[in-house]
There are 2 protein chains.
Amino acid sequence: MANQLNQLDQIFAALADPTRRAIVMRLCAGEASVGELADPFDMALPSFMKHIHVLEVSGLVQSEKSGRVRTCRLSPDALLGAEDWFQQQRAIWEARLDRFEAYVMKLKKERAGAKRPSRTTKRKGS
Amino acid sequence: MANQLNQLDQIFAALADPTRRAIVMRLCAGEASVGELADPFDMALPSFMKHIHVLEVSGLVQSEKSGRVRTCRLSPDALLGAEDWFQQQRAIWEARLDRFEAYVMKLKKERAGAKRPSRTTKRKGS
DNA sequence: TCTATAGTTAGCTTCATGGCTAACCAATTG
DNA sequence: CAATTGGTTAGCCATGAAGCTAACTATAGA
């Protein structure tokens, strides 16, 4: 569980780098070798490999070596885990907005009630 | 546009830290002063303020000072921006899965057609 | 077997991050 | 006005991240 949270640290940290986001985007379209992945980047291979390693440690990417070529693939579960975090926050945020709106509505009603001698009966809004 | 991408860098980097994620989660529930936000953390104020600053630069949080108290609130747009990134990746991923599945289906059909005269229909496993 | 290819390891720089203390405003409050 | 509170600025330190080169391993191909 604390492990899970730590995983979130690593996933977000991994995605904070544009090179690594590009790798993830590339892998969304299908698996690829390290060489293929590295090709578009103007970067020494060892530097590039560090990015791959960060992605693997975060759990976003898995790889396996066969012969002398290492093939990388996306592991979609980790991506979903991070997406979940956003959805949870959004849910809390939206619940708050609902409460806020309800509060504003109540204020409005009270104010209206206090100011005027209730000329017409107020209906509840939406 | 490149600006937007840079924004993503900063948003993910901001969320990579558990303290800052906790701040964001706290702010989902409503605005708060720096002091209130800092209270649960065993950390010197200047250190804490750095986190607030990172969140502000990323666009996740806005704040305004009135009197001697600074009030922070979440700016949900930035959160949504990051969430969008995930959804786009997922869309690409799922499209690929669909293509892959279609490919496997085609293979199966060809193989079945070639090997056997189609004895029983296979049920989908779980 | 020799050579070229695909990664890997080791080690080095440079800069960013996350933490601290100490000293410093500037509003409130007594 | 004096003291407290809430935040800010400045500056220091340790660690880690991102890049590089050089040298190495191990497989594939000629």
Side-chain angles (χ1 to χ4, degrees), chain A residues 2 5-27 30-74 82, chain B residues 2 5-27 30-74 82:
Chain A
L5 293 184
N6 196 6
Q7 192 81 351
L8 260 193
D9 285 15
Q10 295 182 308
I11 291 176
F12 283 130
L15 295 177
D17 183 283
T19 300
R20 290 194 291 260
R21 275 203 310 282
I23 296 174
V24 167
M25 293 170 76
R26 168 61 234 274
L27 289 179
E31 59 183 42
S33 72
V34 168
E36 285 169 330
L37 289 173
D39 197 49
F41 298 95
D42 186 16
M43 186 183 293
L45 243 204
S47 316
F48 187 80
M49 285 293 295
K50 279 193 191 174
H51 288 297
I52 299 281
H53 186 239
V54 169
L55 287 168
E56 275 193 294
V57 167
S58 78
L60 284 167
V61 164
Q62 293 166 352
S63 77
E64 117 201 68
K65 194 167 181 175
S66 123
R68 66 184 163 173
V69 77
R70 176 174 295 278
T71 302
C72 303
R73 62 182 55 77
L74 200 66
Chain B
L5 292 184
N6 196 5
Q7 192 82 349
L8 260 193
D9 284 15
Q10 295 184 306
I11 290 175
F12 283 131
L15 294 177
D17 182 284
T19 300
R20 290 193 291 259
R21 276 204 309 283
I23 295 174
V24 168
M25 294 170 77
R26 169 57 233 278
L27 289 179
E31 60 183 41
S33 72
V34 169
E36 284 169 332
L37 288 173
D39 196 49
F41 298 96
D42 188 14
M43 185 183 294
L45 243 204
S47 315
F48 186 80
M49 285 294 295
K50 280 195 191 174
H51 288 297
I52 298 281
H53 187 239
V54 169
L55 288 168
E56 276 193 293
V57 167
S58 76
L60 283 166
V61 164
Q62 293 167 350
S63 75
E64 120 199 65
K65 195 166 180 177
S66 124
R68 66 185 165 179
V69 76
R70 176 173 295 279
T71 302
C72 304
R73 63 181 55 76
L74 201 65

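Just so it is clear: chains get the letters A, B, ... in the order the sequence lines come, proteins before strands, and each one is counted from 1.
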Measure from CD on E64(A) to P on dA6(C) and round the result to the nearest Å.
-> 18 Å
How long is the line joining CZ of F48(B) and C1' of dG7(D), in whole Å?
-> 12 Å
K65(A) NZ to dT9(C) C1': how many Å, rounded?
->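 It is 12 Å, rounded to the nearest whole Å.
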Rounding to a whole Å, what distance do you find between M49(B):CE and dT8(D):P?
->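 For the pair M49(B) CE and dT8(D) P, the rounded distance is 3 Å.
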Separation of atom CZ in R70(B) from atom P in dC25(C), rounded to whole Å =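 Those two atoms, CZ and P, are 18 Å apart.
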Does the R21(B) side chain pair with the main chain of L15(B), one donor and one acceptor, at a distance under 3.5 Å?
-> yes
Within this structure, what is the CZ-to-C1' distance between F41(B) and dC20(C), rounded to whole angstrom?
-> 18 Å
E64(B)-T71(B) side chain donor-acceptor pair, cut-off 3.5 Å | no
Any donor-acceptor pair under 3.5 Å linking the side chain of R20(B) with the backbone of H51(B)?
-> no
Within this structure, what is the NE2-to-C1' distance between H53(B) and dG7(D), rounded to whole angstrom?
->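 Distance, rounded to whole Å: 14 Å.
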Can you tell me how far CG of L27(B) sits from CG of L55(B), rounded to the nearest 0.5 angstrom?
->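 That separation rounds to 8.0 Å.
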May I ask you to verify whether the side chain of R68(A) and the base of dA6(C) hold a donor-acceptor pair under 3.5 Å?
->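 Looking at the base of dA6(C), it does not pair with any donor or acceptor on the side chain of R68(A) (distance under 3.5 Å).
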Min side-chain heavy-atom separation C72(A)-L37(A) under 4.5 Å |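 Counting from C-beta outward, C72(A) and L37(A) do come under 4.5 Å.
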Euclidean distance, atom CG of residue L45(A) to atom P of dT9(C) [Å, nearest integer] =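 Computing the L45(A):CG to dT9(C):P distance gives 13 Å.
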Which parts of nucleotides 11-19 of chain C does protein reach within less than 4.0 Å, heavy atoms only, written one letter per nucleotide 5' to 3' as B for base, S for sugar-phosphate only and - for none?
-> -------BB
Counting N and O atoms only, with roles assigned by atom type, does the side chain of Q7(A) sit under 3.5 Å from a partner on the main chain of S58(A), one being a donor and the other an acceptor?
-> yes
